[in-house]
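To start, the structure itself, in structure tokens.
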Amino acid sequence: MNRPNILLITSDQQHWNTIGAFHQELSTPNLDRLVREGLTYTRAYCPNPTCTPTRASILTGQYPSQHGAWTLGTKLLEDRHVVGDDFRAAGYRTALIGKAHFQPLLGTEEYLSLEAYPVLQDLDFWRQYKEPFYGFEHIELTRNHTNEAHVGQHYAIWLEEKGCHNWRDYFLAPTGTMDPKQRHHWHLPEEYHYNTWIAERTNALLEQYKEKDESFFLWASFFDPHPPYLVPEPWDTMYDPSNLTIPELVPGEHDRNPPHFGMTQQERPNFMYLKETGHAIHGYGSHLRPEEERKQLVATYYGMISMMDKYIGRILDQLDELGLAENTIVVFTTDHGHFFGQHGLQAKGGFLYEDLIKVPFLVRYPGQVAANRQTESMLSLIDLAPTLLSLAGLPVPHAMAGVDQSDVWLGRKSSVRDHILCEFRHEPTTIHQKTYVDERYKLTVYYRQSYGELFDLQADPDELSNRWDDPDYATLKSVLLLKYAWAELGKELMPMPRIHGA
């Protein structure tokens, strides 16, 4: 058998339960197709519910506390080992189309950033850029979510090549001239949407690889359904807000939680005590929204998912048309989850509920991964790199902390993990927490804090009853704290094996 090609397709900030095959209120026929034709993980987790840390973990097979890109506004240092280098060394072609977010929007003399202003919008620079980027020999990037002013790089070049010379009309100042009051409906024509761009450019590369009979590791990295909530017609009216089931806060559920949970339900909470670096702290503000607004947000969020699904379908169709599907491992996932009303929360922040840290995860590999199968086996996104290397018959570097999941994918084992670690460090000391999850329980500890969280995911799957201070759970808490300590010890890296006695 030829060595497999690898196509990684990711969305951005997608709740784990937003695939039509499992949620009758959504339409995602192409993701449903992957469900029918492959393996679905029902307990896949991110290593950090933030873009940069988890995306760097996908590349390195390491936790954020190991690879160093610990929050937004940091970067994955260029000396870190990345999986693309392993595939390139083995003769694979490597490419990334869409969102990278491995570097911040502002660089310094010490920490340069290619994803920063002003180079972000220097289109001549990107027309000429041919250097490898984190293991990818070919990249086509942009940094904007919907109408954000960060638009530029290869997407803006493509817009101009397509004849959309007024592309700035569809984006916010100072880059563009779009009215910031416009919400939900994006007047950008679908033919110029970045979903169209990502699918078109991904398919062009697939055709190129087919013509040259080249093995590939290709990442198609979509930006939706990450806020701002905007989508072109007809997707903006695809879902009637009045017909959707909207998650709600359960009265009293934050009474026994750490203080920042309940503060989100205040009109003007003061989170200045957490603001250590002076930069924005995502999620630490009021999450209160009028019911009508919350329903519309969900309708638009679903519309963004359904539109993205259409273009994922175009990529899957291209694999079929080129005869590549049978020997291509397709993985679909996202970088982290999303709140759209669960626990009274919106978007993301230091609230490590399943809604935020669980992710959709689908695998298709015809003839190797059984079709239409689900597993409750645990998986972390740090497992992606070692698993893909293993399936390609390539050695897994000792510095990777992820677990090879290939035996689960191929049906040889029911599970290879007994726990998950999820990190969230959004400030050096004031917002620093870690979550340990096993088959039944979830424990969250906070740096230099006596409060925490303990949830029984079997008896309390909606995570409404925090048992951290419950005397009936005191013994269990001690056991879980010890297991968490073991997990931290167990993740320490061993860059090489011990090869001699001294």
Check: Checking side-chain hydrogen bond (donor to acceptor under 3.5 Å, both in side chains) for the pair E354/Y45: CA distance, chi angles, key distance, verdict?
Finding: CA-CA 9 Å; E354 299 288 273; Y45 291 82; 2.7 Å; yes
Check: Once you round to the nearest 0.5 Å, how far does CD of Q121 lie from CD of Q153?
Finding: 9.0 Å
Check: Hey, mind stepping through H101 and R143 against side-chain hydrogen bond (donor to acceptor under 3.5 Å, both in side chains) and telling me if it holds?
Finding: CA-CA 7 Å; H101 205 171; R143 268 301 298 271; 3.1 Å; yes
Margin query: Tell me the closest heavy-atom pair linking L206 and Q318, and the distance in Å.
Written below: CD1-CG, 3.9 Å
Notebook entry, point to check: What about H343 and Y353, are their ring centers closer than 6.0 Å?
Noted result: yes
Notebook entry, point to check: For the side chain of T328 and the backbone of I6, is there at least one donor-acceptor N/O pair under 3.5 Å apart?
Noted result: no
Notebook entry, point to check: Is there a donor-acceptor contact under 3.5 Å linking the side chains of T237 and E233?
Noted result: no
Next item on the list: Please report the closest heavy-atom contact between F133 and A100, naming both atoms and the distance.
Entry: CE2-CB, 4.1 Å
Next item on the list: Compute the centroid of each ring, for F351 and then for F261, and state whether the two points are separated by less than 6.0 Å.
Entry: yes
Note to self: Ring centres under 6.0 Å, that's the criterion: do H193 and W186 meet it?
What the structure shows: yes
Next item on the list: Run the salt-bridge test on D317 and K310 with the 4.0 Å N-O cut-off and return the result as yes or no.
Entry: no
Note to self: Quick one: does any side-chain atom of W158 pair with a main-chain N or O of Y192 as donor and acceptor, under 3.5 Å?
What the structure shows: no
Note to self: As an exercise, state the distance from CG of L244 to OH of Y239, rounded to the nearest 0.5 Å.
What the structure shows: 8.5 Å
Check: In terms of side-chain heavy atoms, does S221 have a donor or acceptor partner in R55 at a distance below 3.5 Å?
Finding: yes
Note to self: Determine whether the aromatic ring centres of residues H15 and H338 are separated by less than 6.0 angstrom.
What the structure shows: no
Margin query: In terms of relative ring orientation, are F102 and Y134 parallel, tilted or perpendicular, with 30° and 60° separating the classes?
Written below: perpendicular
Margin query: Could you report the tightest heavy-atom contact between P360 and W16, atom names first, then the distance?
Written below: CD-CA, 3.6 Å
Note to self: Going by salt bridge (Lys or Arg N to Asp or Glu O under 4.0 Å), name the pairs with one or both residues in residues 147-161, residues two or more places apart or in two chains.
What the structure shows: R127-E160
Item checked: Y301 and its side-chain contact (heavy atoms from CB on, under 4.5 Å) partner, picked from S306, P227, P225 -> P225
Note to self: Checking the side chain of E115 only, and the main-chain atoms of L120 only, is there a donor and an acceptor separated by less than 3.5 Å?
What the structure shows: no
Check: Among V403, L379, T387, D383, which one satisfies side-chain contact (heavy atoms from CB on, under 4.5 Å) with V416?
Finding: V403
Item checked: Euclidean distance, L297 CG relative to I246 CD1, rounded to 0.5 Å -> 9.0 Å
Checklist line | Centroid-centroid under 6.0 Å between Y92 and F217 rings | finding: no
Margin query: Using a 3.5 Å distance criterion without hydrogens, assess whether the side chain of D309 forms a donor-acceptor pair with backbone atoms of L31.
Written below: yes
Next item on the list: Determine whether the side chains of H336 and T54 contain a donor N or O and an acceptor N or O closer than 3.5 Å.
Entry: no
Notebook entry, point to check: Side chains of T435 and T444: is there a donor and an acceptor less than 3.5 Å apart?
Noted result: yes
Checklist line | Separation between CG of D224 and CD of Q13, rounded to the nearest 0.5 Å | finding: 11.0 Å
Next item on the list: Calculate, to the nearest 0.5 Å, the distance between atoms CD1 and CZ belonging to I9 and F222 respectively.
Entry: 6.5 Å
Next item on the list: Can you sort out the partners of H187 under side chain to side chain contact (heavy atoms under 4.5 Å, CB included), two or more places apart, ordered by chain and number?
Entry: Y170, M178, H185
Check: So, S57 versus H67: side-chain donor-acceptor pair below 3.5 Å or not?
Finding: yes
Check: Listed by chain and number, what are the side chain to side chain contact (heavy atoms under 4.5 Å, CB included) partners of D213, not counting sequence neighbours?
Finding: none
Notebook entry, point to check: W126 and Y129: aromatic ring centres closer than 6.0 Å?
Noted result: yes
Note to self: To the closest 0.5 Å, what do you measure between CG (L39) and CZ (F361)?
What the structure shows: 8.5 Å
Checklist line | Whether over 12 other heavy atoms sit under 6.0 Å from K483 NZ | finding: no
Notebook entry, point to check: Centre of Y63's six-membered ring, under 6.0 Å away, within 45 degrees of the axis: is that where NZ or CZ of K491 sits?
Noted result: yes
Notebook entry, point to check: Are H282 and Y284 near enough that their ring centres are under 6.0 Å apart?
Noted result: no
Check: Within a reach of under 6.0 Å around CD of E439, are more than 12 heavy atoms found that belong to other residues, nucleotides or ligands?
Finding: no
Next item on the list: Check the pair S215, R3 against side-chain hydrogen bond (donor to acceptor under 3.5 Å, both in side chains), reporting the backbone distance first and the verdict last.
Entry: CA-CA 8 Å; S215 301; R3 60 186 183 178; 3.2 Å; yes
Item checked: Least distance between heavy atoms, Y311 atom then M307 atom -> CD1-O, 3.3 Å
